[in-house]
2 protein chains.
Amino acid sequence: MTKTPAQPARRTPTLEDVAKAAGVSRATASRVVNDVGTVDPALRLRVHDAIAATGYVPNSAARTLVNRRTGTVALVMSGSDGSAEQVFADPFFGRITGGVVTCLRDRGMRATMLLADSDKARRDALDTARRESDGALLVSTHPNDPLPQLFVEAGVPAVLFARPSSMLPISFVDVGHDVGGALAADRLADRGCRRIATIAGPADLPAAIDRLAGFERALQRRGIPYVHVARGNFTAESGEQAMTELLAQAPDLDGVFAANDLMAVGALRVLRDAGRAVPDDVALIGFDDSQPARLTRPRLTTISQPVEAMAAHMTTILLTHLTTPETPPTSVVFDPHLVPRETA
Amino acid sequence: MTKTPAQPARRTPTLEDVAKAAGVSRATASRVVNDVGTVDPALRLRVHDAIAATGYVPNSAARTLVNRRTGTVALVMSGSDGSAEQVFADPFFGRITGGVVTCLRDRGMRATMLLADSDKARRDALDTARRESDGALLVSTHPNDPLPQLFVEAGVPAVLFARPSSMLPISFVDVGHDVGGALAADRLADRGCRRIATIAGPADLPAAIDRLAGFERALQRRGIPYVHVARGNFTAESGEQAMTELLAQAPDLDGVFAANDLMAVGALRVLRDAGRAVPDDVALIGFDDSQPARLTRPRLTTISQPVEAMAAHMTTILLTHLTTPETPPTSVVFDPHLVPRETA
DNA sequence: ATGAAAGCGCTAACAA
DNA sequence: TTGTTAGCGCTTTCAT
């Protein structure tokens with residue numbers, strides 16, 4: 001019965017307990033735990049035993065208090081005002097979250113979920129990101145989102161998912177939307193389509209702009225310069241309407257690229273109703289490889305983005321900025337790929 | 001130029017700074033900040049001014065260290081082993097997250113996202129939930145998930161989304177799956193269907209069991225005792241297969257209830273291919289009110305769950321447990337409702 | 001290589 | 001009502 005023998009109380013063990021059990025000072029125990037500085041191998045072993053014996057786990061609040069590091073990254077979903085529910089219902093959101101959480105987990109870190117869908121929410125998100133996280137991952141669903149700029153101005157480390165509409169000194173990951181458009185163009189051209197049309201997305205969305213540009217350029221390269229363009233807003237209904245317009249404008253068309261799957265689904269319905277066989281009369285390609293693309297009959301050929309990988313990479317970029325603050329803004333653009341199914 | 005006049009340094013202000021600026025002690029400043037104890041109105045005012053002047057915001061790590069409260073709730077997505085990406089791609093997940101985050105935000109709290117898809121991940125989640133959050137919200141995607149039991153045994157405050165397969169002394173929210181099944185039954189019966197079949201979900205899933213039971217009971221009440229049952233696994237493909245079986249078994253059927261929308265989508269395809277007009281020859285009802293339900297033509301009549309409200313309520317239950325630990329486990333079952341569209 | 005000691009910013013007894 | 005003080009658990013100089 002010398003020092004603190006058996007039941008010191010039902011309290012969660014602290015570094016002090018470990019030190020005592022190992023017969024060393026708290027400082028030494030800390031060094032062992034953090035694997036820093038130099039400690040005698042023998043002592044190190046004793047400390048490790050003590051850790052195992054006591055079941056010690058570091059208290060992160062205490063660490064944060066002294067280190068100014070939280071081990072947490074804020075994942076900010078930024079929607080237009082009051083769009084909370086809508087933002088989260090999009091499977092995209094979940095895939096991004098999955099990529100981020102998985103990546104952070106490998107590094108012993110966590111993600112806290114923030115929602116920025118009003119001016120106040122944006123301020124709060126900035127504040128929380130600054131004070132209770134080490135940095136932020138920003139996912140905007142609409143163009144001209146003021147959030148990225150806010151973070152840049154406040155000097156809070158942040159990385160964007162998708163290129164911002166206006167130039168900003170901030171890192172981001174994105175997919176090559178233009179490359180995706182080109183993939184679709186080549187696929188249509190390769191299968192012999194010559195009277196081609198496209199259902200483009202909103203004209204103020206960088207992603208939509210690039211998909212269209214890449215698509216048109218690729219066709220031009222293939223000697224198919226003229227493309228009928230109708231605009232949609234990424235809903236199935238707008239896809240129906242656009243397809244209807246297109247059919248009226250160019251009844252003889254034989255290939256269509258829709259800037260997302262939902263619009264492609266709408267287009268498919270109109271084509272079917274118009275008695276056009278897909279893909280034999282008209283080939284059709286979507287974008288996103290979303291669930292609806294797999295559910296249509298015929299199944300939708302589409303362009304896929306490596307969302308999880310992008311999210312993971314976005315996370316590692318942020319961690320780099322945290323480790324090496326002087327790192328200049330970096331952007332990484334991922335390659336999309338064609339998912340050949342039945343409509344093209 | 002008396003005390004700390006202008007630029008005390010570019011350091012984030014602490015309570016000490018506020019106290020100094022207001023000419024009071026740190027304790028008084030703390031009382032004002034936390035609105036606790038009794039403080040002279042005049043001093044209170046001076047402290048508030050000082051807070052505004054310094055731009056003070058409490059340091060949460062320091063608070064956590066002394067309070068043992070993190071202001072954070074762990075949102076644990078629990079999938080079968082290695083199913084990370086799949087879990088997150090489900091829109092359900094996002095809707096739950098949205099409900100939780102919104103509810104927490106109103107109370108000045110945050111959610112940290114955890115993924116429990118392996119034994120190690122489950123242990124880690126438990127540990128993180130215990131050490132870095134005040135409690136946990138558990139969302140299981142598969143039956144017989146060991147996670148809830150783990151939390152119960154560890155005594156970590158937790159609330160489940162959906163009733164656990166085995167009885168457990170733990171709070172949960174759920175939707176009345178049986179009520180939903182009955183809603184579908186009544187709808188079919190009301191529109192005159194008499195030769196009714198159902199595509200049930202996995203026999204080991206409480207939700208699937210209840211949907212089927214509620215459906216059958218309601219039909220029985222209406223004097224339609226016999227129901228053809230085929231099983232699916234909640235995918236569109238399984239829905240196709242089940243519908244094919246059903247059509248073979250009961251070629252004259254005139255109404256079908258599928259236990260989820262995806263299977264209903266599959267069924268719809270088979271019915272169309274079989275030349276059955278929907279809803280005129282065969283009426284069809286799904287469950288979930290998911291995106292695919294809105295995309296089919298005809299649009300799918302379905303049963304909707306108030307997911308966001310359920311998630312929010314799950315959160316408030318957890319907060320109640322945190323405030324009043326002796327609160328016994330509570331369960332709240334929400335009413336689903338019928339979303340009448342075109343297939344029934 | 002190791003330990004003593006000084007905080008990190010805050011809350012809560014306890015005194016006054 | 002207010003202030004003093006003792007920690008919460010940890011890291012990190014600075015001596016030794």
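Proteins come first, then strands; the chains are lettered A, B, ... in the order of their sequence lines, and each starts at number 1. Please read these numbers as outputs of a predicted model, since none were measured by experiment.
Regarding B/Arg69, its CZ atom lies at a distance of 12 Å from the P atom of C/dA12, rounded to whole Å. Counting to the nearest Å, the C1' atom of D/dC8 and the CZ atom of A/Arg63 are 16 Å from each other. Following rounding to the nearest Å, A/Asn67 (CG) and D/dG9 (P) show an atom-to-atom distance of 16 Å. Put simply, NZ on B/Lys20 is 18 Å from C1' on D/dT2, counting in whole angstrom units. Look at CD on A/Glu16: it is 10 Å from P on C/dA4, rounded to the nearest Å. One can place CG of A/Leu65 at 14 Å from C1' of D/dT12, the figure rounded to the nearest angstrom. Distance CG (B/Leu15) to P (C/dC10): 5 Å, rounded to an integer number of Å.
Side-chain atoms of B/Arg131 come within 3.5 Å of backbone N or O of A/Pro58 as a donor-acceptor pair. Side chain of B/Thr54 to backbone of B/Ile51: a donor-acceptor contact under 3.5 angstrom is found.
For the residue pair A/Thr128 and A/Asp124, no side-chain donor N or O sits within less than 3.5 Å of a side-chain acceptor on the partner.
Under the 4.5 Å side-chain criterion, counting only non-hydrogen atoms from C-beta, A/Met109 is not in contact with A/Val100. Counting heavy atoms from C-beta outward, A/Arg122 and A/Leu150 have side chains that approach closer than 4.5 Å. In this structure the side chain of B/Leu114 never reaches within 4.5 angstrom of the side chain of A/Val101, judged on heavy atoms.
Between B/Arg68 and D/dG9 there is a side-chain polar atom (N or O) within less than 4.0 angstrom of OP1 or OP2.
Looking at residues 24-46 of chain A, you'll see A/Val24, A/Ser25, A/Arg26, A/Ala27, A/Thr28, A/Arg31, A/Thr38, A/Val39, A/Asp40, A/Leu43 sit with a heavy atom under 4.0 Å from some atom of DNA chain C.
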